[in-house]
Amino acid sequence: MSTLVIVESPTKARTIRKYLPNDYQVEASMGHIRDLPQSASEIPAAVKKEKWSQLGVNVEADFEPIYVVPKDKKKVVKTLKDALKNATELVLATDEDREGESISWHLLQVLKPKVPTKRMVFHEITEEAIQNALHHCRDLNEQLVHAQETRRILDRLVGYTLSPLLWKKIAPKLSAGRVQSVAVRLIVMRERERRAFRMGSYWDLKAHLSKDNTPFDAKLISVDGTKVATGSDFDENTGQIKAGRNVQLLNEADANALKERLLGKPWNVSNFEERQNRRKPAPPFTTSTLQQEANRKLRLSARDTMRVAQSLYENGYITYMRTDSVHLSEQAIAAARECVTQMYGPDYLSPQPRQYATKSKGAQEAHEAIRPAGNRFRTPRETGLKDRELALYDLIWKRTVASQMAEVRQTSLSVDLSVENALFRANGKRIDFPGFFRAYVEGSDDPDAALENREAILPALAVGDRPDCQDIEAVGHETQPPARFTEASLVKTLESEGIGRPSTYASIIGTIIDRGYAQMQNNALVPSFTAFAVCSLLENYFPDLVDLHFTAKMEATLDRISTGDVEWIPYLREFYSGDKGLDTQVRQQEDQIEPTEAKTIVLENLPVNVRIGKFGPYLETEKDGETITASIPQNLTPSDLDSEQVEVLLRQKTEGPDKLGMHPETGEPIYILIGSYGPYVQLGEVSDENPKPKRASLPKGQTPETITLETAVGLLSLPRLLGVHPESGNKIQAGLGRFGPYIVHKKGGEDGKDDYRSIRASSEDDVLTIPLERALEMLAEPKRGRGRRGSKKKPMRELGDHPTDKEPLNIYDGPYGPYIKYKRKNISIPDGDSAEELTLERAVELIAAKSSSRKTSTAKRKTTSKKTSTAKRKTTSKKTSNSDS
DNA sequence: CAGTGAGCGAGCTTCCGCTTGACTT
């Protein structure tokens, strides 16, 4: 007699196990166990001949989906089937949202239980909640399942009909989708705005004043009652003052003249305003807000944030990390309030427990907000966590605790000061009661806004006061183009539009980067030329699908499907086969979309065309009846491409490369060229005798404009001999490699390997001038490795040495939880054991078990590496011969 | 590592959302 309970995740399985009777067995489905075939290899042979097989959906027969169990889920299904054999009852306890309901339905379809089956849902993992849920089981909600199928099928239809169109018209392997294409479009639209942006400049005055020895600053507001122009008065597209603004624009001369006129004149306080306001703390974290804050405050990518959060979750530090809910359980609120009282005192507690309402579109709220786990929150210090885990936990702890703290009370002050016919203003801010600021201040994408939280002290001033003026400064300003999207601001926008789900925000960014639609530059997402081409095609021919509101409209329909107000198959039929349906449109538009046109990117104010070619983007133009093409270097983005850049690239192509000068010794010419990997110098010309002339990339920081003949000669003479190592007597050289400048001790390392050290761009050292002494110094230091901070990670626990070979055994904390490291092997700690209590004996056992099972290790794995051409990896042998014996 | 952009042409590429796994640098 036993009951089998199935949930999504192993961690959840472990926790609810505690609250269930002994004869209950809990297993995890690991998310969805069935899906539409992902690629051609998964399409069942029976339907392979059908026209629609590539879609995985029979669009000719009521959109019947072909579901398959993907390879990596076969094992899970087998485990579940085995478990079911011993069960007298099945309880499906997946999340209560659309996807969760669907997972349960697929489980039923695949497991075909012969025993009674119930559906159970709970929102909190407490004994009470689980007991309660167990006694209030219900049936599967078929309408909700249909809503999920509709979502799944619609996404498939969009993705798998538009992507092939892009392969035909623009380039192979591109992709389009309901979510990613809107994300790309947001980035492209912002870049267009940036391209269209025209800078405006203006001047104003800043006065340094003081009253009773307290200094303060004031800014010029108006002269003769007319407002002085500031940034917001400018039109972004012209760089001029917006039409109809009654302002006066000061240039440098105006500002200086005014300054001279006002210096030494008496100042007078003409107005004084004080305004009190209050601020509430931000709600506890959801996936989206956690990713935003971790990106802003810890500079973590969305993906890294999730990895660290997963580890915190699995080790019981935080609640589930994929959620769109800001809801806190009663226990959590009590725990947060307890923390406030303990750490900050009762004055800092919000008078009433604060509960926030989720307002993002399409939220499904199957979980709580992300918060410290348990009924008593461990302080960050108590956890014993380190590095990123500590930093992220700290962030979550503070945000949760702050949400139950008192409001901030502050006073804003605005003081007007007259001098002659000019009016200045000083703004101040006083924090009367810091409230939740004591624990947490929300980050911002806008550096100016971050300053807003700071206090700005003003002396006590009253109308009629006459402060002293020490100095007046004329300050020049330039208007800024709209900022590019960061991961944080993109996730924020997507979430507020209801696009994407907590489990996908991180991967959306991954997808658009993998497809070459965007690249990351200084934490900003910069779209590629391909992104421009794809985006334009979609906007021109499928505007509805890339509309920002498409997902929200779809969600509204899905909701109606789940309540039974709309039928799912007619909706899909209309969407795909209707007069304005997707399939109909693709058929009609296909002939009209000219590939040449689709590959061409229209960039305003450019005298040439940019086209997407087999080897990346290139310029194309006509000159004297001939077509000239020129590659665009990889790291040159649409925003960098102005007519000046175009001219350089084309001139290089038509007139040959720029000659930097002659080599002082050989007399050969040295050229400066731009290739797809950026600028480089070349000695001599390509000819039959000399098919591969000596070349060298310009090191970081050098541009074709700044490089001198001397540097070029130096670069071309690399690698350079510095001298010999005093101990080994071997050569020490400095050179320029694929990863930048380096020094090397030839055959100097242990086991006869060359010993390399990178010359860091941030250091004072230069490959061309670095002396032997400095090189020896660098070689004496250990390699820095590729790790984030320092080379060696500190173990979480040291277990001691292995009894047979005395090699150390340590426990480390990895992205997927703690693991044992022994020699070069990593063994994760199984469910039954804990990292804190594991003994040396047990570890040795686990290692032995691992070595024997590894003999039949997977033969090959799909390579997921992107662009290996530029980053060839040494393939390390996977044989475990040293430990198998 | 490198200066191309058309052509042979089988079979494949691709979506979104749920979840963890096994892997070195």
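Lettering follows sequence order; numbering is per chain, from 1.
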- request: Apply the test salt bridge (Lys or Arg N to Asp or Glu O under 4.0 Å) to residues A:E590 and A:K168: give CA-CA distance (whole Å), side-chain angles for both, the deciding distance (0.1 Å), then the verdict.
  value: CA-CA 9 Å; A:E590 197 163 348; A:K168 283 185 221 160; 2.5 Å; yes

message: I'd like to know whether A:E99 forms a salt bridge (Lys or Arg N to Asp or Glu O under 4.0 Å) with A:R501, so could you lay out the CA-CA distance, the side-chain angles of the two residues, the decisive distance to 0.1 Å, and finally the verdict.
response: CA-CA 11 Å; A:E99 298 295 330; A:R501 303 279 316 132; over 6 Å; no

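Residues A:D35 and A:K73 are not paired through a salt bridge, judged by the lack of any N-O separation under 4.0 Å between the basic side chain and the carboxylate. Salt bridge status for A:K599 with A:E594: absent, with no side-chain N to carboxylate O gap under 4.0 Å. Residues A:K12 and A:D95 are paired through a salt bridge, judged by an N-O separation under 4.0 Å between the basic side chain and the carboxylate.
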statement: Dot-bracket for DNA chain B, 5' to 3', Watson-Crick and G-U pairs with both distances under 3.5 Å, [ ] for crossing pairs, | for partner on another strand, reads .........................

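If you check every strand for non-hydrogen atoms under 4.0 Å, A:S9 touches sugar and phosphate atoms only. Counting any heavy atom pair closer than 4.0 Å across all strands shown, A:V158 reaches no nucleic acid atom. Nucleic acid contact class of A:G616 (heavy atoms, under 4.0 Å, all strands): base. If you check every strand for non-hydrogen atoms under 4.0 Å, A:G177 touches sugar and phosphate atoms only.
Between A:M306 atom CE and B:dT19 atom C1' there is a gap of 11 Å when expressed in whole angstrom units. Distance A:K614 NZ to B:dG3 P: 13 Å, rounded to the nearest Å. Between A:R151 atom CZ and B:dG17 atom P the separation is 6 Å, expressed in whole Å. One can place NE2 of A:H32 at 9 Å from C1' of B:dT19, the figure rounded to the nearest angstrom. Rounded to an integer number of Å, the gap from A:D155 CG to B:dC18 P is 11 Å. Look at CG on A:L538: it is 13 Å from C1' on B:dC15, rounded to the nearest Å. Atom pair A:R501:CZ and B:dT19:C1' shows a separation of 15 Å (rounding to whole Å applied). Rounding to whole angstrom units, CZ of residue A:R611 and C1' of B:dT4 are separated by 14 Å.
A:Y505 has no side-chain polar atom (N or O) that falls below the 4.0 Å cut-off from OP1 or OP2 of B:dG17. Residue A:R178 places at least one side-chain N or O under 4.0 Å from the OP1 or OP2 atom of B:dG17. Remark: A:T504 is not in phosphate contact with B:dC16, judged by side-chain N or O atoms under 4.0 Å from OP1 or OP2. The side chain of A:Q310 contributes an N or O atom lying less than 4.0 Å from OP1 or OP2 of B:dT20. Taking 4.0 angstrom as the limit, A:R98 places none of its side-chain polar atoms (N or O) nearer than this to OP1 or OP2 of B:dG17.
The structure places OG1 of A:T530 at 8.5 Å from CD1 of A:I170, a figure rounded to the nearest 0.5 Å. We find the CZ-OG distance between A:R14 and A:S9 to be 8.5 Å, quoted to the nearest 0.5 Å. Annotation: the span from A:H146 atom NE2 to A:W105 atom CH2 amounts to 7.0 Å, rounded to 0.5 Å.
In this model, no side-chain donor or acceptor of A:R156 finds a partner on the base of B:dC16 within 3.5 Å. Put simply, the side chain of A:S507 and the base of B:dG17 share no donor and acceptor less than 3.5 Å apart. In this model, no side-chain donor or acceptor of A:R322 finds a partner on the base of B:dC18 within 3.5 Å.
Using atom C1' as the reference point in both B:dG9 and B:dT13, the two lie 15 Å apart (nearest Å).
The main-chain N or O of A:G516 is found under 3.5 Å from a side-chain atom of A:S528 such that the two form a donor-acceptor pair. Without hydrogens or angle criteria, A:S562 side chain to A:D559 main chain gives a donor-acceptor distance under 3.5 Å.
Side-chain polar atoms of A:R178 and A:T551 form a donor-acceptor pair below 3.5 angstrom.
Both A:M321 and A:D35 lie near DNA chain B, and the one whose nearest nucleotide falls closer to the 5' end is A:D35.
A cation-pi arrangement is absent between A:R515 and A:Y517, since the terminal nitrogen or guanidinium carbon is not both under 6.0 Å from the aromatic centre and inside a 45° cone about the axis.
Near DNA chain B, defined here as any heavy-atom distance below 4.0 Å, there are no residues from residues 70-80 of chain A.
By the criterion of a centre-to-centre distance under 5.5 Å and near-parallel planes under 30°, the ring of A:Y618 forms a stack with the base of B:dG5.
Nearest heavy-atom pair, A:V76 versus A:A28, reported as atom, atom and distance to 0.1 Å: CG1-O, 3.8 Å.
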So which protein nitrogen or oxygen atoms get under 3.5 Å of nucleotides 9-14 of chain B's nitrogens or oxygens?
from   : atom 1 : to     : atom 2 : distance (Å)
B:dT13 : O2     : A:K173 : N      : 3.1

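The side chain of A:D95 lies closest to B:dT19 when the candidates are B:dA6, B:dG17, B:dT19.
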